[in-house]
Amino acid sequence: MTAKQTQCLLAYLGYDPGPIDGIDGKKTQAALAAFQADYGVGVEGMVGAVAGTIAKLDKPQSGDWWDDIKHFRRDEFKCKCGGRYCNGYPAEMQEAVVKIADAARAHFGKPAHVISGLRCQKWNAIQGGVGNSQHMYGEAVDLRVDGVDSETLRQFVASQPGHRYSYRINSTNVHFDIPPGNR
């Protein structure tokens with residue numbers, strides 16, 4: 001994780017790293033130290049200095065529904081723009097859609113891959129997504145499960161609680177979403 005990505009994530013989580021400039025300065029170090037103290041990973045103010053800091057930055061919600069997700073990490077759903085247009089989290093993934101992905105992985109017993117989870121507005125446009133894509137709100141996932149054809153996967157996700165709509169993208173990938181939330 002670059003210094004700029006760390007600053008973006010700290011700012012998103014409510015810690016003030018100062019200007020988002022990619023410089024690991026005193027304000028960034030103080031914000032990181034405060035985060036580390038709050039989440040019990042030691043206080044050194046350096047991302048690489050404390051084991052677990054990056055994992056905590058990518059999954060700070062300990063004690064909430066992410067703890068029930070067995071096969072995925074929060075960072076697997078982040079925007080694939082690679083930090084060019086956002087900090088990776090233009091929204092939070094919604095519990096119901098992540099639980100469907102987790103259930104698919106458990107059901108088939110094979111590795112599952114998030115092809116597309118969150119998308120920032122710019123990345124969504126580059127990918128050809130519709131202007132109101134549910135990916136921008138954490139309400140949609142494009143998923144592939146190794147060795148499972150897309151129709152079998154689509155039928156499974158369609159049977160899950162919270163499912164609203166799904167379709168085959170190609171022979172291996174499936175898009176599915178949940179009902180839109182209050183935006």
Q | I169 CD1 to I115 CD1 distance, which is reported to the nearest 0.5 Å | A | 7.5 Å
Q) Is it true that the side chains of H175 and D142 contain a donor and an acceptor less than 3.5 Å apart? A) yes
Q | Closest heavy-atom pair and its distance - D177, A140 | A | CB-CB, 3.8 Å
Q) Any donor and acceptor pair, going by atom type alone, linking the side chain of Q7 with main-chain N or O of D21 inside 3.5 Å? A) yes
Q. Do F176 and L153 come close enough that some side-chain heavy atom pair is under 4.5 Å?
A. no
**Q.** Worked check of side-chain hydrogen bond (donor to acceptor under 3.5 Å, both in side chains) between H113 and D146
**A.** CA-CA 8 Å; H113 309 276; D146 289 352; 2.9 Å; yes
**Q.** Exam field: side chain R105 to backbone K110, donor-acceptor pair closer than 3.5 Å
**A.** yes
(Q) Minimum heavy-atom separation for V157 and S166, please, with both atom names. (A) CG2-CB, 4.0 Å
(Q) Once rounded to the nearest 0.5 Å, what's the spacing between atom CG of N124 and atom OG of S116? (A) 8.0 Å
**Q.** Exercise: identify the closest heavy-atom pair between A106 and H71
**A.** CB-NE2, 3.7 Å
Q. Taking C-beta and beyond as the side chain, do R164 and Q134 meet within less than 4.5 Å on heavy atoms?
A. yes
Q) Atom OH of Y165 and atom CZ of R154: how far apart are they, to the nearest 0.5 Å? A) 9.0 Å
Q. Which is it for W123 and R84 under the side chain to side chain contact (heavy atoms under 4.5 Å, CB included) test, yes or no, and what are the steps along the way?
A. CA-CA 9 Å; W123 188 248; R84 290 181 296 239; 3.1 Å; yes
Q) Below 4.5 Å, heavy atoms only, C-beta onward: do V141 and F72 meet side chain to side chain? A) no
Q | Any donor-acceptor pair under 3.5 Å from T28 side chain to P17 backbone | A | yes
Q: Give, for atom CG of L118 and atom NE2 of H135, the distance between the pair rounded to the nearest 0.5 Å.
A: 9.5 Å
(Q) Apply side chain to side chain contact (heavy atoms under 4.5 Å, CB included) to residues Q127 and K80 and explain how you reach the verdict. (A) CA-CA 10 Å; Q127 296 303 303; K80 305 263 193 237; over 6 Å; no
(Q) Donor-acceptor pair, distance only, cut-off 3.5 Å: does the side chain of Q94 make one with the backbone of P179? (A) no
Q | Nearest-0.5 Å distance, CG of residue N132 to OH of residue Y137 | A | 7.0 Å
**Q.** Test item: Q121 side-chain N/O and M136 main-chain N/O as donor-acceptor pair under 3.5 Å
**A.** no
Q) Between K122 and C81, is any pair of side-chain heavy atoms under 4.5 Å apart? A) no
Q) Do V148 and Y167 share a hydrophobic cluster, counting only Ile, Leu, Val, Met, Phe, Trp and Tyr and linking them when any side-chain heavy atoms are less than 4.5 Å apart? A) no
Q. Passes side chain to side chain contact (heavy atoms under 4.5 Å, CB included), V97 versus F77? Steps please.
A. CA-CA 11 Å; V97 75; F77 294 90; over 6 Å; no
Q | Sub-4.5 Å side-chain heavy-atom contact between N87 and I20 | A | no
Q. Do the ring planes of F156 and H107 sit parallel (below 30°), tilted (30 to 60°) or perpendicular (above 60°)?
A. parallel
Q | Closest approach of S150 to V174 (non-hydrogen atoms, all atoms of both residues) | A | O-CG2, 3.2 Å
Q | Salt bridge K70-D102, side-chain N to carboxylate O under 4.0 Å | A | no
Q: Could you grab the distance from atom CZ of F108 to atom OG1 of T152, nearest 0.5 Å is fine?
A: 6.5 Å
Q. Is a side-chain donor or acceptor of E76 paired with a backbone partner of V114 at a separation under 3.5 angstrom?
A. no
Q: Quick one: do R74 and M93 satisfy side chain to side chain contact (heavy atoms under 4.5 Å, CB included)? Show the steps, please.
A: CA-CA 8 Å; R74 178 177 179 249; M93 288 303 298; over 6 Å; no
